[in-house]
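Worksheet: one structure, shown below.
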Amino acid sequence: MLLALSATSSAFAAKPLVMGFSQVGAESEWRTANTVSIKDAAKKDGVTLKFADAQQKQENQVKALRSFIAQKVDVIAFSPVVESGWDTVLREAKAAKIPVILTDRAVNVTDKSLYVTFIGSDFVEEGRRAGQWLLEHAKKTPDAQLNIVELQGTVGSAPAIDRKEGFQEVIGKNPKLKIIRSQTGDFTRAKGKEVMEAFLKAEGKKINVLYAHNDDMAIGAIQAIEEAGMKPGKDIIIISIDGVKGAFEAMIAGKLNVTVECSPLLGPQLMSIARDVVAGKPVPARITTVEGVFPAEVAAKEFPNRKY
Ligand code: GYE
């Protein structure tokens, strides 16, 4: 009876909120978990989600945003693949009076009124945390110099720019820490492996440390290091970011030294903020995700608690 009643009353409820969401792609474990979080939260909240996967291409995201505007959705949310080049399409959304929420990655626009809020991590801080771990590790090693190779994320993306900056800021405090090679691996395992192979070819045993802007590139690189006959996590110290299950497995196997957490579970927060925005309620301009650091020593104990 109760069930029938609630079914009836929901039939008369206000029409569901319609959200257009443009996702970066499916490049990493992080991204897959982020997509699941958003889709699940929309379903749970009764939000009608129009989801578009941009396959890591900005032009596809711009097309998706324009199509959401044409469909007159209630709210647009997106995770911008790169930081720049958004002014025009965001002005179109504003002209159509459709509020825009940024999730995960920031944009570089001068007019801050082009989006309502930005929900996501502090990537500079993540880079600093990675650097801090290395600074501590360096105190325990006798080497006169530690040669670092860096696998950067997607060129022009907020996490690649900020994670590089934060890391450099901290390791700059110790002159024995030196980045000898730095190249993009586009946040994927395949590219991470490919670029690490090139690093190994060029520098071989000179490499002491790998800093990867995400776990997937580190996991790809681990394979390259093993294929080169070296021991990842020992011959080459490996630091990465995200904290996905694959990273915990690699740490438990002794192949990865530390991962800095970056949570992809933004769905529930996004849905609740979207409701407030559409209802005209004030929301904070920046909502920062809370996260930690997991060194290999705690991996086995933490693994069962991991949700992505
Ligand atoms: O670290 C990486 C993904 O923007 C925080 O994108 C996200 C990053 C994440 O592909 O794995």
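The model shown is predicted, which means the values in this text are computed figures rather than measured ones. We count ligands from 1, going down the list as the structure has it; atoms in each ligand are counted the same way. Along the sequence shown, residues carry numbers from 1.
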Next on the checklist: Evaluate D104 for polar contact with ligand 1, using N/O atom pairs at a separation under 3.5 Å.
Outcome noted: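 Looking only at distances, the answer is yes, because the N/O contact criterion of under 3.5 Å is met.
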
Nearest-neighbour protein heavy atom for [atom], which is reported as residue plus atom name and distance:
| atom | value |
| --- | --- |
| atom 10 (O) of ligand 1 | E27 OE2, 2.4 Å |
| atom 8 (C) of ligand 1 | R105 NH2, 3.7 Å |
| atom 9 (C) of ligand 1 | D242 OD1, 3.5 Å |

Does [X] come within less than 4.0 Å of [Y], counting only side-chain N to carboxylate O?
| X | Y | value |
| --- | --- | --- |
| E126 | R129 | no |
| E29 | K245 | no |
| E226 | K255 | yes |
| R31 | D216 | no |

Could you tell me whether [X] approaches ligand 1 through its side chain, its backbone, both or neither, with non-hydrogen atoms closer than 4.0 Å?
| X | value |
| --- | --- |
| C262 | side chain |
| E29 | neither |
| R163 | side chain |

So if I count the atoms of ligand 1 from 1 in the order they appear, which ones are less than 4.0 Å from some heavy atom of [X]?
| X | answer |
| --- | --- |
| N214 | 2 (C), 11 (O) |
| S28 | 2 (C), 3 (C), 10 (O), 11 (O) |
| P159 | 4 (O) |
| F123 | 5 (C) |

Is it true that, when you exclude K72 itself, more than 12 heavy atoms of the residues, nucleotides or ligands shown sit nearer than 6.0 Å to its NZ?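 12 or below, so no.
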
*For K112, look at atom NZ and say whether over 12 heavy atoms of other residues, nucleotides or ligands are found less than 6.0 Å away.*
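Above 12, so yes.
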
### Message
Under the criterion ring-ring contact (aromatic ring centres under 6.0 Å, His included), I'd like the reasoning laid out for W86 against F78: C-alpha separation, chi angles, the key distance, then a yes or no.
### Response
CA-CA 11 Å; W86 297 104; F78 81 117; 4.9 Å; yes

Looking at D186, is its backbone amide N or carbonyl O close enough to the side chain of Q56 to form a donor-acceptor pair, meaning the two atoms are under 3.5 Å apart?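 Yes.
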
